[in-house]
Amino acid sequence: MTQEVNGAEALTELRPRMRQLFTVLAGEDTGKVEVIFNEAVNNAFRQGSKVRVKISRIGGKLILRVKDSGQGFAGNLLLHSLCSQDLAELFDEKLIDESGRGLLIMKAMADEVCFNHQGNEIMLVIKLGYNN
Ligand SMILES: Nc1ncnc2c1ncn2[C@@H]1O[C@H](COP(=O)(O)OP(=O)(O)O)[C@@H](O)[C@H]1O
Ligand SMILES: [Mg+2]
């Protein structure tokens with residue numbers, strides 16, 4: 001399913017529908033998927049008012065893609081630097097900060113995270129539980 005979201009108001013309207021869809025697609029993993037989705041969508045909306053969301057399920061994997069209308073950034077570089085830092089260091093730097101936790105949360109909760117080349121689209125792969 002592909003969904004264009006124009007403006008935060010549209011997202012408010014879309015949210016119940018997304019929850020329903022996640023419930024169908026992700027079952028017991030719905031809460032986890034919602035947390036990940038919220039972080040991705042919040043970042044995307046900061047870049048502008050146009051956001052495109054793609055959701056698909058391939059076998060036991062849920063694939064979320066969130067694209068914004070911004071210029072993008074060196075997202076994969078930032079993700080990589082999160083991988084190479086140790087957790088204690090990250091904890092000091094990020095977890096107590098007001099900001100900069102989103103990517104850390106997405107990395108911790110999703111099984112795969114990457115950006116496109118431009119850095120204006122994030123792709124998240126979430127392995128679903130065996131009960132789906
Ligand atoms: N879609 C995006 N387009 C441009 N920059 C982004 C995008 N997503 C994340 N970023 C950059 O990565 C940083 C870290 O994101 P995140 O971990 O979610 O923290 P926060 O949203 O609290 O700043 C953001 O501050 C922003 O600079
Ligand atoms: Mg964020």
Side-chain angles (χ1 to χ4, degrees):
M1 158 197 137
T2 304
Q3 182 75 49
E4 299 265 355
V5 191
N6 289 304
E9 279 168 36
L11 182 67
T12 307
E13 283 168 31
L14 188 67
R15 238 177 243 286
R17 219 147 60 75
M18 297 302 291
R19 180 162 305 143
Q20 169 114 45
L21 182 70
F22 290 149
T23 305
V24 172
L25 292 177
E28 290 188 357
D29 292 320
T30 299
K32 178 162 103 170
V33 171
E34 276 188 321
V35 170
I36 294 169
F37 175 76
N38 283 338
E39 291 298 335
V41 163
N42 286 345
N43 283 354
F45 267 115
R46 207 190 293 137
Q47 306 305 315
S49 62
K50 251 186 113 175
V51 172
R52 188 195 70 193
V53 178
K54 285 188 176 181
I55 298 153
S56 51
R57 198 177 92 174
I58 300 173
K61 288 177 178 179
L62 191 82
I63 295 134
L64 270 181
R65 297 172 72 140
V66 179
K67 186 173 190 174
D68 60 64
S69 48
Q71 305 178 336
F73 77 121
N76 286 323
L77 215 65
L78 181 55
L79 281 175
H80 193 76
S81 80
L82 293 180
C83 288
S84 53
Q85 268 176 292
D86 80 51
L87 204 59
E89 216 176 292
L90 280 173
F91 185 83
D92 286 342
E93 267 180 39
K94 305 266 193 225
L95 295 180
I96 53 171
D97 277 0
E98 293 279 320
S99 71
R101 278 179 295 205
L103 281 173
L104 210 56
I105 289 167
M106 288 189 269
K107 260 202 82 59
M109 294 181 86
D111 295 281
E112 287 170 57
V113 187
C114 70
F115 283 89
N116 65 349
H117 275 298
Q118 201 185 321
N120 68 335
E121 180 170 23
I122 191 166
M123 183 180 82
L124 298 132
V125 179
I126 304 148
K127 283 187 197 154
L128 301 169
Y130 295 108
N131 47 342
N132 289 292

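Since we're looking at a predicted model, the values are computed, not measured. Just so you know, ligand 1 is whichever comes first in the structure, and atom 1 is the first atom listed for that ligand.
- Of all the atoms in ligand 1, the ones that sit under 4.0 Å from a non-hydrogen atom of Gly102 are 16 (P), 17 (O), 18 (O), 19 (O).
- Of the options Val41, Val53, Thr23, Val33, a side chain to side chain contact (heavy atoms under 4.5 Å, CB included) to Met18 is made by Val53 and by none of the others.
- Polar contact check, Glu39 against ligand 1: no nitrogen or oxygen pair lies under 3.5 Å apart.
- No hydrogens or angles considered: a donor-acceptor pair under 3.5 Å links the side chains of Asn38 and Arg15.
- Under the 4.5 Å side-chain heavy-atom criterion for Ile, Leu, Val, Met, Phe, Trp and Tyr, Leu79 and Ile126 are members of the same hydrophobic cluster.
- Taking any N or O of Leu103, backbone or side chain, at least one lies under 3.5 Å from an N or O belonging to ligand 1.
- For the residue pair Asn120/Asn116, the side-chain donor-acceptor check at 3.5 Å is satisfied.
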I'd like a table of donor-acceptor pairs (distance under 3.5 Å, sequence neighbours excluded) in which one partner is a side-chain atom from residues 107-115, with atom names and distances.
unit_1	atom_1	unit_2	atom_2	d
Asp111	OD2	Lys127	N	2.7

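- Close approach of ligand 1 to Asp68 (heavy-atom distance below 4.0 Å) involves ligand atoms 1 (N), 2 (C), 3 (N).
- Of all atoms in ligand 1, listed by their number and element, those nearer than 4.0 Å to a heavy atom of Leu78 are 12 (O).
- There is no path of hydrophobic side-chain contacts, each under 4.5 Å, that joins Ile58 to Leu124.
- Taking backbone and side chain together, Asn42 holds no N, O or S atom under 2.8 Å from the Mg ion (ligand 2).
- In terms of polar-atom proximity, Asn120 is not counted as a contact of ligand 1, lacking any N or O under 3.5 Å from an N or O of the ligand.
- By the 4.0 Å heavy-atom criterion, Gln71 is excluded from the residues contacting ligand 1.
- Interface atoms of ligand 1 facing Asn43, defined by a heavy-atom separation under 4.0 Å, are 8 (N), 9 (C), 15 (O), 16 (P), 18 (O), 21 (O).
- Counting non-hydrogen atoms of neighbouring residues, nucleotides and ligands closer than 6.0 angstrom, the NZ atom of Lys32 exceeds 12 such neighbours.
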